[in-house]
Structure formats: C-alpha cells, structure tokens
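One structure below.
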Amino acid sequence: MSWAIVDIENFYCSAERVFDPTLRNVPLIVLSNGDGCAIARSAEAKALHIAMGAPMFKIREIVKRHGVQYRSSSYELYADMNRRFNMVLSEFSDTVEIYSIDESFFRLPVLPSGLGDVEQAQRIRTTIKQHVGLPTRIGLGPTRTLSKVANALAKASEKVWNGVIDLHDEGLRRRMFAKWPIEEVWGIGKAMVKRLHPLGVRTTADLAAMHPDLARDVGTVVLERLVRELNGVECSDFQPEPEALKSTAVTRSFGEPVRDREVLREAMVRRAVRAAEKIRAQKLQACRLIAFAHGSRFKPNAPSASKVARLSPSTNDPRVIAGTAARMAEAMFEQGAVYTKCGVMLEGLEPESGAQQDLFSLPDPRSPALLAVLDGINDRFGRNTLRLASEGMGAKSYDTKRAYKSPSWTTRIDQVPIAR
DNA sequence: TCTGGGGTCCTAGGACCC
DNA sequence: TCTGGGGTCCTAGGACCC
C-alpha cells in the first residue's frame, strides 16, 4: 500500500500572506493566544533564529531591528483555509484523512495517465498553490510513519527535492536514515531520546534496526509499532471518517491577572459556556467536568488548583456546566493569590441520544427546546447575543489579548478583501 | 511588566466482582 | 507460618503530537 501526507509550509504565516501581500518576502511571525509567543514563523523569521514558542518580550529587539511583522492568531481564517486546502486535495484522492490543521494523509489514486507517484504529488502541490495560495510539501511511503519521515526530509532539504520525497525505495531509505537523527522522527519525543541514546540508538537507521521486542521493552507498544512502520510494515489504517471527539477543553490566559473571587468565577463561567457550546455543536454531552485555575508557572508559589466533578446525568446544558464550574472556581479560590489562567475540560463525551440515563436525576424535558433556541439565536446574530447572566456583560480586562489580528478575510462579510 | 491552546493514546494501580 | 485467580472498569499521570 501507499501512504501520502501533505503539509502546509509555515501554515499560519502562509495563510496570513494569502490576503495581505505586504507580508510576503518579509520576516513574519504569528503569535499565540494572548499575543504571548511566536507559534508560527516564516522562513525569513526562522533565518533570524526566532525559535518556536519564543516569548515576544524576549525577541522584541530582533523584531524591531529587522522589521519582523507580527500578527495575532486568527483561527477562523486558518480553519477556513484548511477547509479549502482539503477541498482541493479531495479532487485528487477519495481517501483523505485530515490529521491536523495543516496536514492531511491521503492515498494517491492509480491514474491511467501513467503519471508516476512523484509527478502526481507535484501536480497536487501546484494545484493547491494555484487554487488556495498555500505552499505545501508531500511525503510518500509504504506506511504512515514512512510518509511522515519523507515529508520531514522534504522539508529539511527543500531545494534538493523540490518538495516531494518518496520513501518506497529501500535503498533510498537506507541512505536517508543513516543521517537522520531520531529526534526528528514522528513519535519520538524528549523522553524517548533519553532512553534510546544510552543504547546507542541515535539515527533513524539505528532505530529501524532495533528488534521490535526490544523496542517494546524500552518504550511501549507505540515504539514497537513505530519500529515496524519504519521497516515498511503497516500498523495503522486510514480513518477517512473523523472519530468522535472524546474530550474537549477551553483554557485561556488572562489579559490581566485576576485577584478576585468573583472575577475568577465569571472568567470560569465564560470558558464553561464556550465548552458547552462546543460539544452541543457536535451533538455530544459530557459526564465529567474538570475546572482549573493557576498562576504563572514562571513564578514561585504561584497558586494552582483543579477540581473534578461528575455530571450525572451527562449534559451539554450551559446552565448546569457553568453553574458547576462557577462553584468549583469559588471553592478553589485562595485569598491573596494571583491567577493568570483558568480553564474547563469536558470529558467522557458521548452522543446526545445514546447517553446513559440517570434514574434519580432526570434532565428537564424542556431543556432541548431551550438550548435549540439559544444556539439558533447565537448562530444567527453572533456569539453572546443570548447569554447567561453569570457571564457578565461586555469585554473584560481578563479577556485574552489579540491586539494584532488581521481582518477576517474569508469569514466576515464586512471584512472581505476588496480588489481595487 | 510580559512566557499558547487543544488533543490522543498507553500504562499502572486501585476498586470491585465472582 | 501458611490466605486464589482472574476479570473489568476507572483514574491519574506520562508522553507525544500539532
């Protein structure tokens, strides 16, 4: 079998550039939520040694000196560009598996044209560039892992390979693996590197040569599968249908630190309401709620608390979820502590219909109708048109900062780009 | 002064059951 | 002195990913 993966080059930066030509050919970074650190860097920005995750206050000098452009992250735009990217991809393949916001696995079709795999991949890249404006790279191989390695190699030596590498050939694999450090392999993180290095396993060639049983001993079944996949043995299937969400989280840093119990409660309620909205959109309900609040992890003695509550019966009702989260926030608040972030996680998600009923606390039969009206109005007139009183009104100082956001080019009718 | 957010999978260990 | 064996379910925590 044959696997392919296509990833978008420096996705958030590339997406920003599609609708703003002034950002092209200059160093550009996209900032995390709260405008805290650089989470995407253009090639020019990487050349200035701006690291992934570098906090803005530490790179201010470089930014000023080299005129580095920066933008707040704009997830509506990225999600929409991702949708367009996958639309083009599905014109070429009927087996597309969306893996992340900037990558999709797919199967190359067998074309009667006699076009080779690499030529087909090049054609896909050209079309995505023409139709969506995004630069991509493609890795090919007999397993998922090998296509990922091929993709990473294509990224690392862009000029030599022109954006496509095919690792079906064992000879090529041997040559490439000998020089490719395990740190760069998909699925090998810091902890695994620490365990593998003492065993003399440093290159991908060393890793591929490990006995699967040893791999399982050193790591887990995950490492064993990884080793098998490096040798061309498929250990995973295509998943064209996205799996149902199993958990979801809404966590945000505050624009300004929070020192007040009522403020913490209100911020927690806003996140809880958002989380409930997310699972309703997927027709899911949750049976477990985790709320947490903490201070800066870079400061000593920062507060840190989290609480778990069982939701019985399972629910996606914002009144229940926000009410529970509010009580948890009040209970975890410590007088005198400085909070910089809080969040809500919903777990044990299950479909609305097939959910377990709780004999002793039946849900209000009128709730579904009420929630449908709530979502209907907010869909139509904008988020927060209808809200819980406990969410408070208007913008707050604790809201996440997004000071450098570009217009919502593709998702807001009043902000579409105008050609003059 | 200022440091992101959102997921999945695996394992070990405890509770509980027969 | 000596205290079975096997299964399931749940949770916490680690590791990894983008």
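Small disclaimer: the values here were computed from a predicted structure and weren't measured. Chain identifiers are assigned alphabetically (A, B, ...) following the order of the sequence lines, protein sequences preceding nucleic acid strands; residue numbering begins at 1 within each chain.
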Exercise. When you match T220(A) and S32(A) each to their closest nucleotide on DNA chain B, which lands nearer the 5' end?
Worked result: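 Nearest-nucleotide comparison on DNA chain B picks S32(A).
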For this session: Starting from the 5' end of DNA chain B, give me the residue, R225(A) or K299(A), whose nearest nucleotide shows up first.
Result: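 Its nearest nucleotide being more 5', the pick is K299(A).
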For this session: Give the rounded distance in Å between these two atoms: NZ of K246(A) and C1' of dC10(C).
Result: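 It works out to 16 Å between those atoms.
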Exercise. L349(A) CG to dG7(B) P: how many Å, rounded?
Worked result: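 Going from CG in L349(A) over to P in dG7(B) covers 9 Å.
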Exercise. According to a strict under-4.0 Å criterion, is R310(A) in side-chain N/O contact with OP1 or OP2 of dT11(C)?
Worked result: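 Yes, R310(A) has a side-chain N/O under 4.0 Å of OP1/OP2 on dT11(C).
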Exercise. Quick one: is dT3(B) close enough that its OP1 or OP2 comes under 4.0 Å of any side-chain N or O from K401(A)?
Worked result: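 Checking dT3(B) against K401(A), no side-chain N or O comes under 4.0 Å of OP1 or OP2.
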Problem set entry | R83(A) with D80(A): basic N within carboxylate O range, under 4.0 Å |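 Yes, this pair counts.
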Exercise. Salt-bridged, E158(A) to R137(A), with N to O below 4.0 Å?
Worked result: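 The answer is yes: the pair qualifies as a salt bridge.
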Exercise. Touch check for V308(A), heavy atoms < 4.0 angstrom, all strands: base, sugar-phosphate only, or nothing?
Worked result: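 If one applies the 4.0 Å heavy-atom cut-off, V308(A) turns out to touch nothing in the nucleic acid.
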Exercise. For R216(A), which contact category applies under a 4.0 Å heavy-atom criterion: base, sugar-phosphate, or nothing?
Worked result: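 Here R216(A) touches no strand at all.
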Exercise. Under the criteria of a ring-centre distance below 5.5 Å and an interplanar angle below 30°, is F57(A) stacked with the base of dT3(B)?
Worked result: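 The ring of F57(A) is not stacked on dT3(B).
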Exercise. For N33(A), does its backbone N or O pair with a side-chain atom of R402(A) as donor and acceptor, under 3.5 Å?
Worked result: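 Pair absent, no side-chain N/O of R402(A) close to backbone of N33(A).
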Problem set entry | Pair assignment for dC10(C), Watson-Crick or G-U wobble, requiring both distances under 3.5 Å |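 For dC10(C), the partner nucleotide comes out as dG13(B), under the 3.5 Å rule.
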Exercise. If you measure only the distance, is there a donor-acceptor pair under 3.5 Å linking the side chains of E76(A) and S408(A)?
Worked result: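 Side chains of E76(A) and S408(A): no pair found under 3.5 Å.
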